[in-house]
Amino acid sequence: MKIATFNINGVKARLQTLLDWLERDAPDVVLLQEIKSVDEGFPREAVEDLGYNVETHGQKGFNGVAILSKLPLEDVTRGLPGDESDEQARWIEATVVGNTHAVRVCGLYLPNGNPVEFGADGKPLATGKYGYKLGWMQRLADRGAELIASEMPALMAGDYNVIPQAEDAARPEAWENDALYLYESRAAFRRVLNLGFTEAFRARVRGPGHYSFWDYQARSWERDNGIRIDHVLLTPQAADLMTDVGISRDERGREKPSDHVPVWVDLAA
DNA sequence: ATGTCGGTCCATGACCGA
């Protein structure tokens with residue numbers, strides 16, 4: 001069961017790019033972020049024609065997540081629990097019924113968190129967009145703890161908007177005061193890992209030079225000025241099933257690319 | 001280099017978010 005996460009930066013503007021990739025790569029399950037579309041606007045038929053079931057959690061203009069699956073989906077839920085007042089569409093989960101296992105998959109688009117406000121002491125304040133990010137990450141940890149406790153094969157994958165370590169940025173010094181790399185963001189990410197999750201890519205690959213995002217600006221792709229912010233976190237029962245993992249870097253060099261590329265895992269499920 | 005995209009809207013470019 002090949003499961004990929006992909007921030008496509010607008011499903012309508014990226015439809016041909018998405019369809020070409022789906023045909024070429026044939027993932028069984030796709031967790032999409034930043035569809036930037038309401039549910040009714042999602043190009044459902046074009047994706048269904050390639051053999052996918054489609055479940056969306058859309059929002060007008062911004063955010064929006066979706067699950068595409070060649071395998072049956074059950075028990076779909078939308079929205080990250082823990083704050084009824086949160087109206088941003090950043091979380092969707094479902095159970096994928098595989099040949100040998102059922103896998104709970106959670107697709108997430110973690111808040112960017114910029115701009116950050118700093119206090120007189122120079123320390124970041126947990127206010128505004130950065131406060132929303134940190135609060136969202138606490139709710140993520142709460143949901144993650146439930147998944148760990150379930151003792152089921154499960155994963156949480158998506159655009160985490162967190163650079164976990166210096167080696168995950170071509171120029172870490174450029175991100176020092178950015179919400180993607182501030183200590184509190186990385187600490188919150190590590191708290192989620194410490195619940196018992198395996199970060200799929202780093203379970204297999206070490207060292208610098210592995211990125212999942214290159215900004216459209218300043219010739220970032222041409223200079224390989226990237227960051228690794230799209231991650232797949234596996235419960236122990238899912239990690240035991242992992243047979244392969246990768247980042248589809250080449251997608252960034254194609255026609256009309258997203259600024260992110262797919263990150264994928266293969267599970268023996 | 002305030003650099004590039006995608007989306008929205010009382011649009012024909014300004015703004016917002018990333």
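Just so we're on the same page: letters track the sequence lines, and every chain starts at 1.
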inquiry  = Need one value for A/Phe213: base, sugar-phosphate or nothing, where a base atom within 4.0 Å counts as base even if backbone is also close, heavy atoms only.
reply    = nothing

ask   = Taking the same atom, P, in B/dA1 and in B/dG6, what whole-Å distance lies between them?
value = 26 Å

key: Whole-angstrom distance between B/dC9 and B/dG3, as gauged at atom C1'   = 25 Å

query = Mind checking the C1' distance from B/dG7 to B/dT12? Whole angstroms is fine.
reply = 16 Å

note = The answer to which of A/Gly10 and A/Pro111 contacts DNA chain B further toward the 5' end, by nearest nucleotide, is A/Gly10

task = Find the distance A/Asn112:CG to B/dC16:C1' and express it as a whole number of Å.
result = 13 Å

query = Does A/Lys256 place a side-chain N or O at less than 4.0 Å from the phosphate oxygens OP1/OP2 of B/dG6?
reply = yes

query = Which ILVMFWY residues are connected to A/Leu125, directly or by a chain of links, through side-chain heavy atoms under 4.5 Å apart?
reply = none

task = Ignoring backbone atoms, test whether A/Arg219 places a side-chain nitrogen or oxygen under 4.0 Å from the OP1 or OP2 oxygen of B/dG3.
result = no

query = Is there side-chain contact between A/Asp86 and A/Leu80, with at least one heavy-atom pair below 4.5 Å?
reply = no

inquiry  = Going by ring pair (Phe, Tyr, Trp, His ring centres under 6.0 Å), A/Tyr160 matches just one of A/Phe213, A/Phe189, A/Trp136. Which one?
reply    = A/Phe189

message = From CD1 of A/Ile227 over to P of B/dA18, roughly how many Å is that when rounded to an integer?
response = 13 Å

query = side chain to side chain donor-acceptor pair (under 3.5 Å) with A/Trp214: which of A/Asp259, A/Asp224, A/Asn225?
reply = A/Asp224

message = Distance check needed: B/dG3 P versus A/Tyr216 OH, whole Å only.
response = 17 Å

message = Tell me if a side-chain donor or acceptor on A/Thr235 pairs with a main-chain N or O of A/Met152 at a distance below 3.5 Å.
response = yes

query = What integer number of Å spans the P atoms of B/dT4 and B/dC10?
reply = 28 Å

inquiry  = What is the distance, to the nearest angstrom, from the CG atom on A/Leu180 to the P atom on B/dA18?
reply    = 10 Å

query = Can you check whether A/Lys12 has a side-chain N or O nearer than 4.0 Å to OP1 or OP2 of B/dC5?
reply = no

Distance, rounded to the nearest Å, where A/Glu34 contributes CD and B/dT4 contributes C1' = 14 Å

note = note: A/Gln88, atom CD; B/dC16, atom P; distance rounded to Å ~ 16 Å

message = Return whichever of A/Asp215 or A/Phe62 has its heavy-atom-nearest nucleotide of DNA chain B closer to the 5' end.
response = A/Asp215

Integer-rounded Å distance: B/dG7 C1' and A/Asn9 CG = 10 Å

query = Closest to the A/Gln217 side chain: B/dG3, B/dG6, B/dT8?
reply = B/dG3

ask   = Whole-Å distance between B/dG17 P and A/Asn63 CG?
value = 11 Å

